[in-house]
Amino acid sequence: MEEKQKRQRRIAVYMVLFVVSLAFYLVWYLLDGIILTEDAPSYINMQSSREPGYCLYLWFFRQIFGEGSYLHAAVVGQCIVAALAACAITIRLTGVFYLSWFGSIGILAVQYGITLLNRFVARRRYSYFNSIETEGLAYSLWIFYFLCLVGILYKKDRKSVIGAVVWSMVLVSIRKQMLITLVILFVVMFCSYVRERGLARAGIYALVACILGFSGARLVDCSYNFMTRGEFAPHTGDSSFIVGTELYLADKEMVEYIDGEENKVLFLEIMERADKKEYNTAYAGKGWQAVEDHYSSAYDRIKFDIMMVVIREDQEMRGIAEADREADYEQIIGAMMKGLMMPTAPRLAKLYCCNVIHGFVTTILKVHRLLNWAALVLYLLFAGTIVCLCILRRRRAQKGISVEANNPVYFAFLVMLAITVNICVTSLTIYCQMRYMLYNTGLFYQAWWIMLLHVVRYLRRDAKAF
């Protein structure tokens with residue numbers, strides 16, 4: 001009877017947590033309405049250059065609620081998923097690390113705090129969960145994926161592995177950036193199973209899981225394009241992200257590396273227009289922040305306002321049919337990407353370093369001359385907390401005093417792995433703007449909060465012992 005009452009009380013707490021979380025996320029929708037971002041039309045119109053996941057999400061609500069109401073329903077759906085994610089991470093981390101009610105409130109507060117920062121501090125001034133963009137859904141699904149990684153790390157159970165593969169497949173289908181989930185999954189599985197299974201078997205298990213996730217995402221991609229366009233092929237446009245950076249780094253002298261006379265003419269026209277607008281690296285200032293600021297402001301402009309315009313103008317002049325323009329566009333930017341890869345590599349290395357520094361700062365704070373140093377201090381304090389917790393646990397173990405089985409330090413390393421992989425992979429193709437980095441912001445502070453709670457817990461117990 002007592003066990004039944006505990007279960008009922010637990011369910012009641014979970015229901016209250018969900019209702020409060022849902023109210024929190026819905027309030028921004030009620031205040032601000034639907035936010036239509038610059039990318040929204042491409043997902044609404046199901047453009048072939050977009051990944052299928054978010055397009056299908058919007059299509060699903062369009063089929064049920066009709067043209068007049070489906071965006072509202074989609075935003076409400078995103079708020080519901082966000083509330084579920086907030087509940088899931090609070091409940092799961094509370095259980096794994098034996099947190100008190102005070103610790104649980106801290107986890108939830110961090111989860112809410114990210115939205116409050118976006119709404120009141122960030123330049124965008126809105127909650128991602130009431131906007132029509134992939135982050136409105138992907139941020140929440142990332143939490144579910146990450147909790148599966150936690151399960152692999154601490155329980156090594158098959159259910160967590162399957163969940164991580166499935167969520168990875170879903171996330172990759174929503175954003176190409178989420179290919180990082182496969183990299184992280186491989187490392188986590190390999191490290192978790194290497195002691196039990198050995199190097200070879202652990203590596204094979206991890207590789208098979210990643211192949212399944214990638215293959216599933218590719219199958220969804222090709223099936224979606226077959227359903228919408230009658231062609232069993234992946235979405236287009238991936239090359240444009242890389243070539244946008246290459247064009248930013250290029251100069252007219254690199255025309256000799258590009259194959260095809262027509263492609264060379266287009267490249268020179270793009271370079272001339274970009275030079276007039278000062279949209280290339282020659283006009284960047286000194287220092288990593290100046291380089292990053294110029295790159296981030298020029299990247300979209302050189303890609304959308306110049307490259308795409310020049311190619312579309314050329315297609316119209318050549319009389320390319322509308323149905324054939326996408327394939328022709330892919331051929332042109334593919335040739336440019338291949339030709340510019342080697343000559344822009346030295347400059348890319350410098351830009352990559354600037355991107356990485358920017359990414360580490362943006363993940364936990366806003367880029368600013370003072371806050372840049374504050375971010376360094378925060379990372380050092382985070383590392384210091386890891387060292388302190390390791391020392392305390394080791395001392396207690398040497399004295400024969402029991403410690404919790406689930407070491408928070410492993411969770412902290414998992415978070416830092418996710419941060420590092422996200423930054424290093426994203427920096428290869430595009431600048432690390434805030435919305436690409438926010439996936440791990442809350443996790444960083446939640447991991448730190450959990451470690452601090454354990455440090456205080458051990459110090460208090462040691463003080464009582466004397």
Side-chain angles (χ1 to χ4, degrees), residues 51 53 89 92-93 96 134 138-222 234 238 241-242 352 355-356 359-360 363 386 406-430 432 436-444 446-447:
E51 296 83 356
I89 194 169
R92 187 66 182 275
L93 295 184
V96 171
T134 53
Y139 283 154
S140 302
L141 302 186
W142 173 265
I143 295 297
F144 298 134
Y145 160 79
F146 207 86
L147 292 179
C148 290
L149 295 182
V150 172
I152 295 173
L153 194 61
Y154 290 105
K155 293 185 177 180
K156 300 179 179 61
D157 58 326
R158 187 177 299 178
K159 181 180 178 182
S160 296
V161 173
I162 295 173
V165 171
V166 171
W167 286 123
S168 179
M169 181 186 72
V170 173
L171 285 164
V172 172
S173 298
I174 292 175
R175 287 190 60 81
K176 64 177 65 70
Q177 174 194 358
M178 290 296 105
L179 286 168
I180 64 171
T181 59
L182 300 174
V183 178
I184 298 169
L185 177 59
F186 180 88
V187 176
V188 171
M189 285 192 65
F190 180 80
C191 293
S192 298
Y193 291 107
V194 68
R195 285 187 179 181
E196 297 177 1
R197 310 291 173 86
L199 289 172
R201 292 181 68 185
I204 291 172
Y205 288 156
L207 184 60
V208 168
C210 293
I211 290 173
L212 288 174
F214 180 79
S215 301
R218 182 54 63 95
L219 179 61
V220 171
D221 196 1
C222 294
D238 284 351
F241 286 89
I242 299 173
Y352 181 77
N355 280 345
V356 168
F360 275 106
T363 298
I386 291 176
N406 295 335
N407 190 348
V409 169
Y410 298 148
F411 180 59
F413 278 120
L414 175 60
V415 171
M416 286 308 303
L417 170 67
I419 290 173
T420 304
V421 171
N422 185 34
I423 292 169
C424 291
V425 173
T426 304
S427 296
L428 287 171
T429 57
I430 197 171
C432 294
Y436 300 151
M437 300 294 106
L438 275 177
Y439 291 90
N440 297 303
T441 303
L443 291 168
F444 175 85
Q446 287 164 338

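The residues of the chain are indexed from 1 along the displayed sequence.
Across Leu141 and Ile174, no two heavy atoms sit closer than the pair CD1-CD1, 3.6 Å. Considering every non-hydrogen atom in both Arg175 and Ala138, the closest pair reads CD-CB, 4.5 Å.
Between Phe214 and Val172, every side-chain heavy-atom pair lies at or beyond the 4.5 Å cut-off. For the pair Leu443/Phe146, a side-chain contact is recorded, criterion being any heavy-atom separation below 4.5 Å from C-beta on. No side-chain heavy atom of Met437 sits under 4.5 Å from any side-chain heavy atom of Phe360.
With sequence neighbours excluded, no residue satisfies ring pair (Phe, Tyr, Trp, His ring centres under 6.0 Å) with Tyr436. Applying the side chain to side chain donor-acceptor pair (under 3.5 Å) rule to Ser427 yields no partners; only residues at least two apart in sequence or on another chain are considered. Residues satisfying the side chain to side chain donor-acceptor pair (under 3.5 Å) criterion with Asn422, sequence neighbours excluded, are Gln177, Thr426.
Not a single donor-acceptor pair under 3.5 Å links the side chain of Asp221 to the backbone N or O of Pro234. For the pair Thr363 (side chain) and Thr441 (backbone), a donor-acceptor distance under 3.5 Å is absent.
Glu196 contributes atom CD, which lies 7.5 Å from atom OH of Tyr193 (distance to the nearest 0.5 angstrom). Put simply, CD on Gln446 and CG on Leu93 are 6.0 Å apart, with the number rounded to the nearest 0.5 Å. Arg197 contributes atom CZ, which lies 11.5 Å from atom CD1 of Ile204 (distance to the nearest 0.5 angstrom).
No more than 12 heavy-atom neighbours from other residues, nucleotides or ligands sit within 6.0 angstrom of OH on Tyr410.
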Could you please spell out the steps behind the side-chain contact (heavy atoms from CB on, under 4.5 Å) verdict for Tyr439 and Ile419? CA-CA 9 Å; Tyr439 291 90; Ile419 290 173; over 6 Å; no

Give every donor-acceptor pair under 3.5 Å between a side-chain atom in residues 180-189 and any protein atom, sequence neighbours left out.
from   : atom 1 : to     : atom 2 : distance (Å)
Thr181 : OG1    : Ser168 : OG     : 2.6
Thr181 : OG1    : Met178 : O      : 2.6

Compile the donor-acceptor pairs under 3.5 Å between side chains in residues 147-160 and protein atoms, sequence neighbours left out, one pair per line.
from   : atom 1 : to     : atom 2 : distance (Å)
Tyr154 : OH     : Asn407 : O      : 2.6
Tyr154 : OH     : Phe411 : N      : 3.0
Asp157 : OD1    : Ser160 : OG     : 2.6
Asp157 : OD2    : Ser160 : OG     : 3.2

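Residue pairs satisfying the side-chain hydrogen bond (donor to acceptor under 3.5 Å, both in side chains) criterion with at least one member in residues 203-217, sequence neighbours excluded, are listed as follows: Arg201-Tyr205. Pairs of residues two or more places apart, or lying in two chains, that qualify as side-chain hydrogen bond (donor to acceptor under 3.5 Å, both in side chains) and include a residue from residues 140-152 are Trp142-Asn440.
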